[in-house]
Structure formats: C-alpha cells, structure tokens
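Encoded as structure tokens, the structure appears first; notes follow it.
Remember, predicted model here, so these are calculated numbers, not experimental data.
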Amino acid sequence: VPASPYSPSSRRFINPLYLRVADTAAYGAADESLRAEIDAWRPGATGELIDYDAVWAAKATALSRLAQADPAAVRVPDDPALRDFATYCALAEVHGRDWKQWPAPLRHPSGPAVAAARAEHAGRVAYHGWLQHLCDEQLAAARAASAGMAVGLVQDLAVGIDPGGADGW
C-alpha cells in the first residue's frame with residue numbers, strides 16, 4: 001500500500017490509508033486493552049505536513065491486530081476484480097510495489113503461478129480484501145452522513161495510476 005494518497009496503485013480501489021481505524025467495527029468490538037494499545041500507536045503531530053509513512057505504519061499495525069479477531073478478515077474475496085487487487089497487494093508485500101520487477105511468472109494476474117501464489121498467501125489476500133470492505137463501509141457512512149447537504153460528498157479521483165501498480169498489473 002503506498003503511503004501517499006497521491007500516488008495510487010489503483011483507481012478502482014481505495015487506499016486504506018484513508019481508513020479511520022477507530023470507526024471500524026473491529027475496533028469497536030476490541031477489548032479495552034487492545035483499543036488502548038492501538039490508540040497509543042497514533043503518531044503525534046510533527047508540524048504542518050503529514051508524515052504519511054508514520055501514519056500508514058501505525059494504521060497498518062493497528063489493522064493487522066484488529067484483523068486477527070475479525071472472522072471476515074480471513075475470507076479471500078469472491079469478486080474477481082477485488083481478489084486480483086488483493087492478490088497484487090499481497091504479492092507487493094513480498095516482491096515490491098512494481099509488478100514489472102516481479103518474477104516473470106507472476107507478472108500477469110491470470111497466470112498459474114499467480115493462482116499458486118494466491119493460495120500460498122491466502123491470509124494476506126483475505127486481509128487486503130477485508131481492508132477494502134472496511135473502506136467501502138466507511139465511504140458508505142460518509143455518503144449517508146452527507147445526504148441532504150447542498151454539495152454532498154466530494155471525493156478525489158486519481159487522474160492516473162502507477163504503471164507498476166495494481167491497475168497496471
């Protein structure tokens with residue numbers, strides 16, 4: 001997952017950097033000690049600029065801990081597009097974000113080596129699918145909250161993609 005919201009790997013899927021961890025059902029269901037642990041990971045303000053790397057490191061740690069207690073975080077997505085995106089994310093954790101630098105058999109989502117890698121990394125594929133589920137829930141809540149507003153919900157849409165990212169793959 002790219003730390004910056006301005007260099008998307010995909011235009012079709014949401015960067016989980018945008019998630020508000022404390023607004024997830026998994027956080028709400030966590031026991032008090034885990035919530036306190038997660039809250040302590042929040043990076044403090046260091047000036048006018050956002051340290052996206054520090055924010056993502058804290059969120060990734062918190063979300064990984066929360067995923068351990070959520071049964072939904074262990075199901076590989078059924079939707080083929082989401083499954084491919086989640087597979088890209090899992091493979092990027094192992095081989096780096098630029099799929100063009102991956103071993104040749106992994107460079108196309110429909111290849112047999114990718115199917116084997118998806119099975120090998122099924123837990124991480126499921127985790128990345130779960131993150132998208134959380135993003136969808138929070139975006140739906142934001143849309144509902146903006147209902148009736150004169151302008152409504154305004155979102156950024158990436159103009160382009162990272163050619164080595166998920167959409168390019």
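- Partners of Glu37 according to the salt bridge (Lys or Arg N to Asp or Glu O under 4.0 Å) rule, which considers only residues two or more places apart in sequence or in another chain, are Arg65.
- With a 4.5 Å cut-off on side-chain heavy atoms, Cys135 and Leu19 count as touching.
- For the ring-ring contact (aromatic ring centres under 6.0 Å, His included) with Tyr88, the lone residue among Trp102, Phe13, Trp99 that qualifies is Trp102.
- Following chains of ILVMFWY side-chain contacts shorter than 4.5 Å, one can reach Ile38 starting from Leu63, so the two form part of one hydrophobic cluster.
- In this structure Asp136 satisfies the salt bridge (Lys or Arg N to Asp or Glu O under 4.0 Å) test with no other residue, sequence neighbours excluded.
- Side-chain contact between Arg107 and Lys100: absent, with no pair of heavy atoms (C-beta onward) separated by less than 4.5 Å.
- Listed by chain and residue number, nothing satisfies the salt bridge (Lys or Arg N to Asp or Glu O under 4.0 Å) test with Asp79 (two or more places apart in sequence, or in another chain).
- In the hydrophobic clustering of this structure, Val76 does not group with Leu106; members are Ile, Leu, Val, Met, Phe, Trp, Tyr whose side-chain heavy atoms approach within less than 4.5 Å, directly or through other members.
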Val114 vs His108, test: side-chain contact (heavy atoms from CB on, under 4.5 Å). Steps then yes/no.
CA-CA 7 Å; Val114 172; His108 193 280; 6.0 Å; no
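- Closest approach of Ala126 to Ala73, counting heavy atoms only: CB-O, 3.4 Å.
- Side-chain contact annotation: Gln132 with His128, donor-acceptor N/O pair under 3.5 Å absent.
- Around atom CG of Asp31, more than 12 heavy atoms belonging to other residues, nucleotides or ligands sit under 6.0 Å away.
- Of all non-hydrogen atoms in Ala166 and Ser9, the two that sit nearest each other are N-OG, 2.7 Å.
- For the pair Glu93/His121, no side-chain contact is recorded, criterion being any heavy-atom separation below 4.5 Å from C-beta on.
- In this structure a side-chain-to-backbone donor-acceptor pair under 3.5 Å is missing from Lys59 to Val21.
- The minimum heavy-atom distance between Tyr127 and Ala67, with the atom names listed, is CD1-CB, 3.8 Å.
- By the side-chain contact (heavy atoms from CB on, under 4.5 Å) test, Arg35 is found to be paired with Tyr27, Ala30, Glu32, residues two or more places apart in sequence or in another chain being considered.
- With sequence neighbours excluded, the residues forming a side-chain contact (heavy atoms from CB on, under 4.5 Å) with Pro43 are Ala54, Val55, Ala58, listed by chain and number.
- Closest approach of Ser10 to Phe85, counting heavy atoms only: CB-CE1, 3.7 Å.
- With a 4.5 Å cut-off on side-chain heavy atoms, Ile14 and Leu131 do not count as touching.
- For Arg12, the salt bridge (Lys or Arg N to Asp or Glu O under 4.0 Å) partners are Asp167, not counting sequence neighbours.
- Under a 3.5 Å cut-off, the side chain of Glu137 and the backbone N or O of Thr24 do not form any donor-acceptor pair.
- In terms of heavy atoms, Arg83 sits closest to Pro77 at CB-O, 3.6 Å.
- Put simply, the side chain of Ser146 gets close to the backbone of Arg143: a donor and an acceptor are under 3.5 Å apart.
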Does the pair Leu66 and Leu34 meet the rule for a side-chain contact (heavy atoms from CB on, under 4.5 Å), with working shown?
CA-CA 9 Å; Leu66 291 170; Leu34 179 55; 4.1 Å; yes
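- Residues Asp84 and Trp169 approach most closely at O-CZ3, 3.3 Å, considering heavy atoms.
- With contacts defined as side-chain heavy-atom distances shorter than 4.5 Å, the pair Arg118/Leu91 does not qualify.
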